[in-house]
Amino acid sequence: MTKKPDPLETAESIGRAVRNRERSAVEVARVFVERAERSAPRLSTYLHRDGARTLEMAAEVDRRLESGEKLSPLAGVPIALKDNLCTHGIPTTCGSRILEGYLPPYDAHVVERLRAAGAVFTGKTNCDEFAMGSSTENSAYFPTRNPWDLDRVPGGSSGGSAATVAALEASLALGSDTGGSVRQPAAFCGVFGLKPTYGAVSRYGLVAFASSLDQIGPFARTARDVALLFNEICGRDERDMTSRSDATPIDLESLERGVRGMKIGIPRDLLSVGVDPEITASLDRVTKKLSGEGAEILDVTLPHARYSIATYYLIAPAEASSNLARYDGVRYGFRAKSDDLQTMYASTRGKGFGREVRRRILLGTYALSAGYYDAYYLRAMKVRTLVRRDFDQALLRADAILLPTTPTPPFKLGEKVDDPLAMYLNDIFSIPASLAGAPALSFPSGRTRSNLPIGLQLVGRPFDEGTLLRIARTWEKKSGDPLGVPPIANGGART
Amino acid sequence: MSATRPAPESPSKAEAGAAPGRYETVVGLEVHAQLKTASKIFCCCSTKFGARPNTQVCPICLGLPGVLPILNERAVRFAVMTGIAVGGTIAVRSVFARKNYFYPDLPKGYQISQYDRPLCSGGTVEIHVGGAWKRIGLVRIHLEEDAGKSLHPEGRQGVNTTLVDLNRSGVPLIEIVSEPEIRSGAEAYDYLIRLKQILVYLDVCDGNMEEGSLRCDANVSVRPRGQSVFGTKTEIKNMNSFRNVERAIAFETERQIRLLESGGRVVQETLLWNADKGKAEPMRSKEEAHDYRYFPEPDLLPLDLEPPWIESVRSALPELPHQVRERLTRDFGIPEYDAEVLTETRALASYYEEVARRSGSAKLASNWIMTEVNGIRNKEGQSIEEFPIRPDRLGTLVRMIAEERISGKIGKQLFEMMLTRPEDPEALVKSQGLLPIDDEASLRAIAREVIAANPGPAAEVRAGKERTFAFLVGQAMKQSRGRAHPEKIQDALKKELEAT
């Protein structure tokens, strides 16, 4: 077992201490900045990090509290932002060359909310280019490493956000999840990661990958901290017509009520695709524990979930091919020199985008082309409806569905870079909930014999994030300590 | 502002663009109309025309990373109003779609439009050509955003420069697509006039073609008369006036017929109208080879309109041109031709109504507006709103003529004065000494003077030469500067001729 985390490290306790003026926001920020200075260069968690700016933000929070302003529970809490969230005047590259040096003139909705709450930003975290990838190796700048094993990937695309929270460089982080980009890295790094219901959080200012799937989600080290951050960012925003007022803050105390009488479904049919035995064992352990706590465990089926990857890799690239058309070198970002317009377009995009992004743009362009639309995009949309119905049906009987987040523990850097299909298959358990638009939470359920994190996933009814967190909270309390601190965060000391 | 349009076509002109003899012209028009909303369709930027380039832009209409569209409800209302006005069916659910293509003035790399589920289907526009009414069916009306503008200024020598102005990016448009039921350039011209009239009556579009708030593309083909299958069509773009649309269709019709007659084949292509040369020229094929890859816009929910809301828009619809026309002929008893001219704009119709009411003489009021008022306006290029004589003053003038308190001739003199002077005609008549002369004594005095001054003609009349009497009447009117009562002066002349 690892050392228990210092209570200082939960966002909830940091926020409380800062608001009660027991610690200054600057003191807290300094601890995190110093830690990041030690470990971030080895982990490559950040694309843009400016300790001085972080301390300035913290000082501003102290001033606001000094002047008697009432701030939210996140006041003074150090939070990392994925680099596809627009930050006014702070570089936002989405891990791409094509946006190198781009400074957004506005803040994303979530960034605006967090600023108002008095959160302190630690920096912009590394990610797969335009959030396309499952290992953060597709970042145009450098890969991020897994804090538990520097030879392994942190997952992706929000790998930087997951790793920075795992390594205690930030108390919380925001990522974005299109097909698993919050949940999979959360599982690989041993932290909590929530993909909220589609529409629960405004996407305004999130650089679009696949608009009908993208959701911004929190990373945290406890279930309660997830709720804290979710509460700050959820709800209707007039600037995102797909955002919904159904998303309401979660009562933190409701997370303490246990799982007695709850029905938890296990999709046995889907698990037959092949899961690492240690992950299956972890699933059994958690199931047993929850059953012991009074939950009823039942089998559910998701018959169309096995078509999810094929479906996802038509819909997401199709939308991406259109969303990424604006990076043409005309108005901002990288522009390749050339004599005429057509060559300028081709060479800007050829040089500005990495391989995976180009691959998906081509795939999506093809799927939307005249003569192919019906066979690919339209059919994929129909299958998507079937997947959504599967979840609706299953969630009539069960309050939540429990399954692994990933079929394997974190893999090694370079292991799958040249095999896109193997990389895509890593998302087999996360993509179905994305297609359904359902809320899904990855929580740490233990570690493998070689001390790599294992994450399990809970999927719930639309706008019922609270139930998922309640189940995870029950496990968190009863399991002893599933989270732990990776060696790198303890100054390299083995635990 | 535009002046009145010329009187309806002469028959020879009505045939402009019609295929001669064995061939029939088939035309379908696609009209883009800018909606007169204060802000753009997906953001809060102003739509005002003529601002300095790139001053009416924001992250949303610039298509910066991370932005999302927010639908302007007023644009939806305006589109629905138009759909209802042409008798189309408003969809309770319509869907926005992305039209993908690369162009420097298209900042997102796609245009948000509607594709397979438009806001409105069907409907008709009635046109009036060659003395007959004809219904042109509509395929659809859909909502979309405008792109920016590319400008190609004369650069430094040898350097091609393109400048992009994105003020227009995101301005709301409706696209109105007609069925291929237009049969000549003249019909196309009248269709555009009627459509513009409807849009302007609804106050949803200012109809200004020079500022680009109305744009039109034409699909043109020809076929032997009696054949039901369509010929191969070409699409003509870049016509910046209604007359150019008419000319371009005439040009293209002739070109296609010549081609077919000489054994050639029409190639489906896009042509650009060159107004200076009076020719439609092929666009470079590279520019038209588009696969737009339409798909539903995931950033906008389907547009769901509640039937009661649609009904509320319907019941709040202003009077349409044909309704005003019918009302004028019914309530004022004026000929259909007059009603047609007077309903050119809603403002002109209102102007007429007030003049008719104040004067108590509907037909006289109509004559005065159609000839005198429109005569001046055409000369000066004035809209009726700009015309200096407001309807209250003209109404009084027409009443004075109708009640025979002044002659038409005096009326015209007064009218000329009123163009530059603010007074009421009653006051002007007095101050200018234009009151009619109708008392016996004064009229007899004038008659005496005329007879004395024209002894020869007077003798002729006395000798029974009736025609010369008219000459004397004319002289008397001249003598009195038109003020003499036209009938009474005749009595006075007769009496004086007998008495002397």
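Note on naming: letters A, B, ... go to the chains in the order of the sequence lines (proteins, then strands), and numbering restarts at 1 for each one.
At a 4.5 Å heavy-atom cutoff, the contact between A:Tyr345 and chain B is made by side-chain atoms alone. Contacts of A:Ser202 with chain B are absent, with no heavy-atom separation under 4.5 Å from either backbone or side chain. When heavy atoms are compared at a cutoff of 4.5 Å, A:Leu99 approaches chain B solely by way of its side chain, counted from C-beta outward. Both the backbone and the side chain of A:Asn323 come within less than 4.5 Å of a heavy atom of chain B. For a residue to count as touching a neighbouring chain, one of its non-hydrogen atoms must lie under 4.5 Å from one of that chain's; by this rule A:Tyr372 does not touch chain B. Only the side chain of B:Pro59 comes within contact range of chain A, judged by heavy atoms closer than 4.5 Å. For a residue to count as touching a neighbouring chain, one of its non-hydrogen atoms must lie under 4.5 Å from one of that chain's; by this rule B:Leu71 touches chain A with backbone and side chain alike. The contact between B:Phe295 and chain A is made by backbone and side chain atoms together, counting heavy-atom distances below 4.5 Å. Contacts of A:Ala108 with chain B are absent, with no heavy-atom separation under 4.5 Å from either backbone or side chain. In this structure, chain B has no heavy atom under 4.5 Å from any part of A:Phe130. If you measure heavy-atom distances from B:Asn100 to chain A, the contacts under 4.5 Å come from the side chain alone.
Side chains of B:Phe102 and A:Gln342 form no contact here, defined as non-hydrogen atoms less than 4.5 Å apart. Residues A:Arg331 and B:Val164 have side chains not in contact (no heavy-atom distance under 4.5 Å, counting atoms from C-beta outward).
The structure places CG of B:Asp291 at 9.0 Å from CG of A:Leu368, a figure rounded to the nearest 0.5 Å. A distance of 7.5 Å separates CG in A:Leu341 from OH in B:Tyr103, rounded to the nearest 0.5 Å.
For residues 35-54 of chain B, the side-chain hydrogen bond (donor to acceptor under 3.5 Å, both in side chains) pairs, not counting sequence neighbours, are B:Lys36-B:Asp203, B:Ser39-B:Asn72.
Ranked by heavy-atom pairs shorter than 4.5 Å toward chain B, the options A:Ala318, A:Ser212, A:Ser211 are led by A:Ser211.
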